[in-house]
Trainee: 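The structure that follows is given in the form of structure tokens.
Counting starts at 1 for both ligands and their atoms, following the listed order.
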Amino acid sequence: MEFSKDKKTIFSGVQPSGNLTIGNYLGAIKNWQDLQETHNCLYCVVDMHAITVRQDPAELRRRTLGTLAIYIASGIDPEKSIMFVQSHVPAHAELAWVLNCYTMFGELSRMTQFKDKSAKNAQNINAGLFTYPTLMAADILLYGTDLVPVGVDQKQHVELARDIAERFNQIYGDTFVVPEPYIPQTGRKIFSLADPGKKMSKSDENINSFIALLDSRDTIIRKFKRAVTDSDTCVRYAEGKDGINNLMTIYSCFTGKTMDEIEREFDGKGYAEFKLAVGEACADGLEPLQKRYNCLVSDRSYLEGILSNNADHAAYLARKMLSKVYRKVGFLAKNK
Ligand code: ATP
Ligand code: LTN
């Protein structure tokens, strides 16, 4: 596939750190598909980010391929977008090192994801967890990315990537494109079903807190039935009703209905009926994706073929940017 000079560039990624959830889907992946028609798109499985938290090696390999299968099953077309695995393109780690030297300790200390994850993994607050955002900045800046489609939890990281790009450009002249986050209106933050004050997260140890994209219809309906709500009985989008607001957001994402329409639809009906409707809409919405996923995941050689071709393409683009950066910072070029 040829990237056009007239189109803007998109980069995004998901960590293969668990079973992908409807949070990952509604906040990020679902929006990637439409962008392929109008932009040059790179979608990465960011396995190097995933090891900032301990992973089982065999599981990590399995999930890396599974995440690619989810991308394709969600409508990302290998003929239109570059899909690849982060560790297959060494320039990501190489640029991350350089960017580490242009990122302040204080900036990284302010990252809320670092604070949350270090509280959760108190026995393993490793340096990778701390410098995670500079690797993410490298992912983005290597490809001249204009827009980064992510959920709202990643906004702070994209803003840091902007700051690093601007700082570098100021010192060395125009080098990096300064990227912008691209965050959906609805679905920007899906909350945990068990604790609607918290983000839904694929690495939550409570499996009832998230809907995995590959959960069966029965499981989906059961999890929504158990979702924490409030003692009111009225389906209404309002302050203080975090659980119901979250379920209404999910329902809206899968049906396209507005909050007003949903309130009218469930006027006079109880929470049980509403939760069942949310479960059914979600299961219906995921069914085509699950069918495509099941076909794809059994075709390992097809998936591996995509990764190998695309890694070469991404590596070619990345190497050009990395060489420019190495030259600017003053690394001596090796004689060919
Ligand atoms: P982990 O729990 O392993 O940290 P995660 O579920 O938070 O993972 P990531 O791999 O960090 O998922 O995120 C991938 C993409 O999904 C990012 O763009 C992120 O903003 C988006 N995303 C993750 N969780 C949600 C959510 N609950 N609501 C909306 N978007 C989300
Ligand atoms: N940090 C992101 C995953 C990620 C990413 C990226 C997203 C790594 N590199 C580059 C967009 C662009 C997360 O969702 N936790």
Side-chain angles (χ1 to χ4, degrees), residues 9-32 35 41-55 59-60 63-64 67 70-71 74 84-87 89 92-93 95-96 99 111-114 116-118 120-121 128-129 131-143 145-162 164 179-207 209-213 246 249-250 253 314:
T9 299
I10 300 277
F11 186 100
S12 198
V14 173
Q15 306 177 73
S17 51
N19 297 319
L20 268 61
T21 71
I22 56 169
N24 302 127
Y25 181 66
L26 301 175
I29 304 172
K30 183 166 173 268
N31 310 303
W32 297 357
L35 295 164
C41 297
L42 296 115
Y43 297 123
C44 188
V45 182
V46 289
D47 54 348
M48 288 159 68
H49 278 98
I51 64 160
T52 53
V53 172
R54 284 282 177 271
Q55 304 290 336
E59 271 289 284
L60 182 59
R63 287 190 174 133
T64 300
T67 303
I70 295 270
Y71 288 2
S74 309
F84 69 105
V85 173
Q86 189 182 30
S87 65
V89 180
H92 290 245
L95 181 62
L99 299 184
M111 295 293 117
T112 52
Q113 180 177 295
F114 172 69
D116 292 349
K117 291 212 169 177
S118 32
K120 264 200 229 155
N121 301 284
L129 197 61
T131 59
Y132 177 113
T134 56
L135 177 58
M136 178 161 163
D139 299 340
I140 297 169
L141 300 182
L142 268 178
Y143 301 96
T145 303
D146 299 281
L147 285 182
V148 186
V150 283
V152 78
D153 63 299
Q154 292 302 312
K155 186 163 175 255
Q156 196 185 29
H157 287 163
V158 180
E159 281 165 357
L160 179 63
R162 285 174 65 84
I164 299 171
E180 303 250 6
Y182 181 79
I183 296 169
Q185 274 306 325
T186 319
R188 50 181 34 218
K189 187 164 184 183
I190 302 295
F191 292 90
S192 156
L193 299 184
D195 177 357
K198 257 179 35 187
K199 185 187 87 142
M200 181 180 285
S201 159
K202 62 172 127 61
S203 50
D204 198 316
E205 66 274 1
N206 177 2
I207 58 166
S209 70
F210 58 78
I211 305 288
L213 292 180
N246 190 37
T249 302
I250 295 170
C253 287

Trainee: Can you list the steps and then say if H157 with V150 is a side chain to side chain contact (heavy atoms under 4.5 Å, CB included)?
Mentor: CA-CA 10 Å; H157 287 163; V150 283; over 6 Å; no
Trainee: Taking the side chain from N246 and the backbone from F191, do they hold a donor-acceptor pair closer than 3.5 Å?
Mentor: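 Checked: pair present.
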Trainee: Between ligand 2 and the protein, tabulate every N or O atom pair separated by less than 3.5 Å, reporting distance only.
Mentor:
unit_1, atom_1, unit_2, atom_2, d
ligand 2, 1 (N), Y132, OH, 2.6
ligand 2, 1 (N), Q154, OE1, 3.0
ligand 2, 9 (N), D139, OD2, 2.6
ligand 2, 15 (N), Q15, NE2, 3.4
ligand 2, 15 (N), Y132, OH, 2.7
ligand 2, 15 (N), Q154, NE2, 3.1

Trainee: Using a 4.0 Å heavy-atom cut-off, say whether R188 meets ligand 1 through its side chain, its backbone, both or neither.
Mentor: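 The backbone, only.
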Trainee: What residues, two or more places apart in sequence or in another chain, satisfy ring pair (Phe, Tyr, Trp, His ring centres under 6.0 Å) together with F11?
Mentor: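 Testing F11 for ring pair (Phe, Tyr, Trp, His ring centres under 6.0 Å), a comparison that skips the adjacent residues, returns Y143.
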Trainee: Kindly state each residue pair satisfying salt bridge (Lys or Arg N to Asp or Glu O under 4.0 Å) with at least one member in residues 145-161, sequence neighbours excluded.
Mentor: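 Sorted result for residues 145-161: D153-K199, K155-E159.
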Trainee: May I ask you to identify, for V150, whether its side chain, its backbone, both or neither come under 4.0 Å of ligand 1 on a heavy-atom basis?
Mentor: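 Looking at V150 and ligand 1, atoms from backbone and side chain both fall under 4.0 Å.
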Trainee: May I ask you to identify, for S17, whether its side chain, its backbone, both or neither come under 4.0 Å of ligand 1 on a heavy-atom basis?
Mentor: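 Side chain only.
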Trainee: Mind checking what makes side chain to side chain donor-acceptor pair (under 3.5 Å) contact with K30, not counting sequence neighbours?
Mentor: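 Per chain and number, K30 pairs via side chain to side chain donor-acceptor pair (under 3.5 Å) with no residue.
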Trainee: Between Y71 (side chain only) and C44 (backbone N and O only), is there a donor and an acceptor less than 3.5 Å apart?
Mentor: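 Answer holds: yes.
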Trainee: Relative to ligand 1, is K189 under 4.0 angstrom through side chain, backbone, both or neither, heavy atoms considered?
Mentor: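 Under 4.0 Å from ligand 1, K189 contributes backbone atoms alone.
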Trainee: Just by distance, do the side chain of Y132 and the backbone of T52 share a donor-acceptor pair under 3.5 Å?
Mentor: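 Absent.
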Trainee: Would you mind telling me if ligand 1 is within reach of the side chain of A28, the backbone, both or neither, using heavy atoms under 4.0 Å?
Mentor: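 Answer for A28: side chain.
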Trainee: Any donor and acceptor pair, going by atom type alone, linking the side chain of K202 with main-chain N or O of Q15 inside 3.5 Å?
Mentor: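 Present.
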Trainee: Can you check whether A138's main-chain N or O pairs, donor with acceptor, with H92's side chain at less than 3.5 Å?
Mentor: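 Between the backbone of A138 and the side chain of H92 there is no qualifying donor-acceptor contact (under 3.5 Å).
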Trainee: Closer than 4.0 Å to some heavy atom of Q15 - which atoms of ligand 1 meet that?
Mentor: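 With Q15 as reference, the close atoms of ligand 1 come out as 4 (O), 9 (P), 10 (O), 11 (O).
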Trainee: List the closest protein heavy-atom neighbour of atom 7 (O) of ligand 1: residue, atom name, distance to the nearest 0.1 Å.
Mentor: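 Result for atom 7 (O) of ligand 1: K199 NZ, 2.3 Å.
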